[in-house]
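To keep things clear, I will list the structure first and then write my remarks on it.
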Amino acid sequence: MKKLLLATAVAALSVSAANAAPTVYGKGFLTLDLNTGDTDVTVTDTVTGKSTTTSFDEDGRSQLNSNASRIGLKGSEGLTANTDLLYQLEYGIDVDANDNDKDKDQDQFYSRDTYLGLQNAQYGKVLAGRLTAIDDYVNFANVTQGGVLGGDNVLASFDAPRTNNTFNYFSPNINGMQFMAMYAMDENNDTDTLGRDAFGVGGKYEAGPMNVGATYIQAGDFRKVARVSGNYAISPVVTLGALYQNTDFDSDDNENAFTISGEMATATPWTAYAQGDFVNNVGGAADAEAFRAVVGGKYAFNAATTGHLYGAYLSEEEEETVATTRTKEEFDGFGIGGGVEYKF
């Protein structure tokens with residue numbers, strides 16, 4: 001009996017050794033944010049020229065926000081000497097609430113990037129599942145953090161959505177150069193993310209102080225997105241970044257989005273940053289514009305814990321004419337915030 005128990009224990013240990021345990025990872029990121037602003041709506045009769053303007057206060061209460069907090073499991077299993085099976089299950093959690101603001105029908109543990117894949121040393125990596133679009137890998141300009149006014153990303157209308165039923169490919173990194181591609185399936189049901197099938201191609205070059213890349217993503221004829229981005233460390237402590245994106249929404253006016261940024265390390269644990277975003281023809285609407293300026297700082301308590309402080313100004317403007325009535329809506333707002341981010 002003892003020999004049987006010993007044999008069973010040895011077999012169990014052998015299975016455990018052959019199947020590497022997954023890595024548990026995640027982060028909690030909480031901020032306290034306060035935004036204030038006002039919206040002016042001007043209605044003009046284009047025949048008489050008479051205008052009336054109505055103003056609305058957009059002052060918000062202070063909010064405790066969870067920012068991309070998550071928990072996940074990931075790992076790999078060797079299939080051959082050169083090929084591994086990859087897996088990842090990553091789920092978002094709202095540390096401050098019991099629902100997901102992005103989808104009120106979902107509670108905690110909503111899907112982020114979840115996939116199975118294969119990686120070969122010679123041919124690269126293929127992932128299949130719910131995946132972030134490849135334009136996210138060519139964004140060397142965004143430095144915003146937390147619950148900043150306008151969102152912690154660039155202001156472009158199309159920016160790294162997660163797409164369901166998707167395949168992503170990444171080539172091996174060859175002297176800093178990597179190519180990538182994606183295909184999101186159109187299953188003609190409620191799991192479709194972009195309304196129909198979509199494809200994308202791109203490439204990036206990362207070498208020391210300079211990083212640069214470009215992507216192109218298309219979903220039917222109503223969304224064609226071309227992006228270029230790069231950054232350069234002009235000194236050991238200062239890095240400048242830029243991004244330009246042109247999006248064709250199958251309208252008469254393409255959206256043009258610009259972002260410039262700078263980041264400066266200091267002799268203390270503080271890193272300061274600033275970012276400016278400008279978007280023309282927002283969402284393909286003629287003369288719709290958005291502008292944002294952000295300044296902030298990050299304080300590295302240790303490798304896992306970072307403190308954040310930031311402030312932002314946001315201006316948005318859109319105009320629509322129906323028959324002889326022109327309606328112009330203008331928003332101006334300010335926001336401040338700060339918090340703590342912990343990674344594990």
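What you see below is based on every heavy atom in this structure, not just the backbone, and it leaves out hydrogens, waters and symmetry mates.
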Take a 6.0 Å sphere around CG of N173 and say whether it holds more than 12 heavy atoms from other residues, nucleotides or ligands. yes
Would you tell me whether Y216 and Q218 have side-chain atoms, one donor and one acceptor, within less than 3.5 Å of each other? yes
For residues 308-341, which residue pairs pass the ring pair (Phe, Tyr, Trp, His ring centres under 6.0 Å) check, not counting sequence neighbours? F29-H308, Y313-F334
Do S51 and T44 have side-chain atoms, one donor and one acceptor, less than 3.5 Å apart? yes
Is there a donor-acceptor contact under 3.5 Å linking the side chains of Y183 and N168? no
Which side-chain N or O atoms in residues 201-209 pair as donor and acceptor under 3.5 Å with protein atoms at least two apart or in another chain?
none

Could you point out which residue of E319, E316, E317 forms a side chain to side chain contact (heavy atoms under 4.5 Å, CB included) with E330? E317
For N280 and N256: C-alpha separation, side-chain torsions, deciding distance, then whether side chain to side chain donor-acceptor pair (under 3.5 Å) applies. CA-CA 5 Å; N280 184 42; N256 292 286; over 6 Å; no
Could you go step by step and tell me if Y87 and E77 meet the side chain to side chain donor-acceptor pair (under 3.5 Å) rule? CA-CA 9 Å; Y87 61 90; E77 294 289 343; 4.7 Å; no
Does any N or O in the side chain of Q245 come within less than 3.5 Å of the main-chain N or O of F158, such that one atom is a donor and the other an acceptor? yes
Return the minimal non-hydrogen interatomic distance between T31 and G147, and the atom names on each side. OG1-N, 3.7 Å
What are the two closest heavy atoms between S66 and V95, and how far apart are they? OG-N, 3.1 Å
Side chains of N142 and T144, donor plus acceptor under 3.5 Å: yes
Tell me whether K298 is salt-bridged to E263, with the criterion being a basic N under 4.0 Å from an acidic carboxylate O. yes
Between Y91 and Q108, do the side chains contain a donor N or O and an acceptor N or O under 3.5 Å apart? no
So for atom CZ, which belongs to F167, do other residues, nucleotides or ligands contribute more than 12 heavy atoms lying within a distance under 6.0 Å? no
What residues, two or more places apart in sequence or in another chain, satisfy salt bridge (charged side-chain N to carboxylate O under 4.0 Å, His left out) together with R292? D277
Taking the six-membered ring for Trp and the single ring otherwise, decide whether the centroids of F291 and F278 are under 6.0 Å apart. no
Give a yes-or-no answer on whether the side chains of N120 and N82 include a donor-acceptor pair shorter than 3.5 Å. no
Evaluate whether atom CD1 of I260 has more than 12 neighbouring non-hydrogen atoms of other residues, nucleotides or ligands under 6.0 angstrom away. no
Less than 3.5 Å apart, any donor N or O on the side chain of S171 or Q178 sitting next to an acceptor on the other? no
Judged by modelled atom types alone, do N211 and Y232 share a side-chain donor-acceptor pair under 3.5 Å? no
Applying the side chain to side chain donor-acceptor pair (under 3.5 Å) criterion to S55, which one of T42, D40, T39 satisfies it? D40
Flag yes if more than 12 heavy atoms outside F179 fall under 6.0 Å of its CZ atom; otherwise flag no. no
Please check if the number of heavy atoms outside D252 that lie under 6.0 Å from its CG is greater than 12. no
